[in-house]
Amino acid sequence: MTGEWYDVAAVEDIEEDDVISVEIEGNEIAVFNVDGAFYATHGVCTHEFACLADGLPLDGIIECPLHNGRFDIKTGKALGAPVSIDLKTYLTKIEDGRVFVKFWQ
């Protein structure tokens, strides 16, 4: 697995139990703060291409705003109909109060 680290936000830009959308190399990425830990996934639902940052993150799950498909934020696992394809996940790290995402295609 290769890739580069991208500085995507300040830690304080992502409230606890919230999500933001960022663009890396033309790809929409969702960056989550779950109980103070940061996670990143592909930012578009695998079912009908809705922006997951418009969804509701709750208890480590993101619910798609279009058809209520649900994904595990930490693993990207699809959690049942209508979604069946998992989300791609990316590594994150915090340095000097900034959130970095390691992105690869």
Side-chain angles (χ1 to χ4, degrees):
M1 180 181 324
T2 61
E4 293 184 44
W5 288 100
Y6 289 83
D7 182 343
V8 296
V11 167
E12 63 267 11
D13 290 342
I14 311 171
E15 294 182 21
E16 194 163 313
D17 299 318
D18 204 1
V19 57
I20 65 167
S21 179
V22 299
E23 186 176 314
I24 299 176
E25 295 184 12
N27 295 276
E28 190 170 338
I29 307 297
V31 183
F32 301 87
N33 178 342
V34 178
D35 298 326
F38 292 85
Y39 302 91
T41 70
H42 187 70
V44 179
C45 181
T46 58
H47 172 245
E48 286 289 332
F49 309 107
C51 176
L52 292 175
D54 293 335
L56 176 66
L58 186 63
D59 297 328
I61 306 295
I62 182 67
E63 185 174 288
C64 176
L66 194 56
H67 295 114
N68 307 108
R70 296 164 33 109
F71 299 92
D72 183 292
I73 291 169
K74 295 176 183 179
T75 66
K77 180 154 182 62
L79 299 175
V83 295
S84 60
I85 299 171
D86 297 344
L87 290 172
K88 189 171 191 176
T89 59
Y90 303 97
L91 298 175
T92 61
K93 68 178 179 179
I94 307 300
E95 284 186 2
D96 299 322
R98 304 289 302 174
V99 180
F100 289 81
V101 173
K102 188 168 190 178
F103 178 77
W104 58 89
Q105 294 279 339

Q: Answer whether the closest heavy-atom distance between the side chains of Leu91 and Val101 falls below 4.5 Å.
A: no
Q. Does the side chain of Ile29 come within less than 4.5 Å of Val8's, by heavy atoms?
A. no
(Q) Using side-chain contact (heavy atoms from CB on, under 4.5 Å), reason through Phe100 and Lys102 one step at a time and then give a plain yes or no. (A) CA-CA 7 Å; Phe100 289 81; Lys102 188 168 190 178; over 6 Å; no
If you measure from [atom1] on [X] to [atom2] on [Y], what distance do you get to the nearest 0.5 Å?
X	Y	atom1	atom2	value
His47	Ile85	NE2	CD1	9.5 Å
Arg70	Cys45	CZ	SG	13.0 Å
Thr92	Tyr39	OG1	OH	7.5 Å
Trp5	Ile24	CH2	CD1	10.5 Å
Phe103	Tyr90	CZ	OH	4.5 Å
Thr89	Phe32	OG1	CZ	11.0 Å

**Q.** Non-neighbouring partners of Asn33 that pass side chain to side chain donor-acceptor pair (under 3.5 Å), sequence neighbours left out
**A.** none
Q.
Restricting to side chain to side chain donor-acceptor pair (under 3.5 Å), what partner residues turn up for Asn27, sequence neighbours left out?
A. none
Under 3.5 Å donor-acceptor pairs involving side-chain atoms of residues 15-22, not counting sequence neighbours:
{"residue": "Asp17", "atom": "OD1", "partner": "Asp35", "partner atom": "N", "Å": "3.4"}
{"residue": "Ser21", "atom": "OG", "partner": "Glu28", "partner atom": "OE2", "Å": "3.3"}

To check you understand the geometry: which heavy-atom pair defines the closest contact between [X] and [Y], and what is its length?
X	Y	answer
Asp86	Ala78	OD1-N, 2.8 Å
His42	Leu87	O-CD2, 3.9 Å
Phe71	Gly76	CD2-O, 3.7 Å

If only atom types and distance count, is the side chain of [X] paired as donor or acceptor with the main-chain N or O of [Y] below 3.5 Å?
X	Y	value
Lys93	Arg98	no
Thr41	Gly43	no
Asp72	Ile61	no

Q | Pair Leu52-Cys64, side-chain contact (heavy atoms from CB on, under 4.5 Å): steps then yes or no | A | CA-CA 6 Å; Leu52 292 175; Cys64 176; 4.0 Å; yes
Co-membership, hydrophobic cluster, residues [X] and [Y], 4.5 Å side-chain:
X	Y	value
Val44	Ile62	no
Ile73	Phe38	no
Val83	Leu79	no

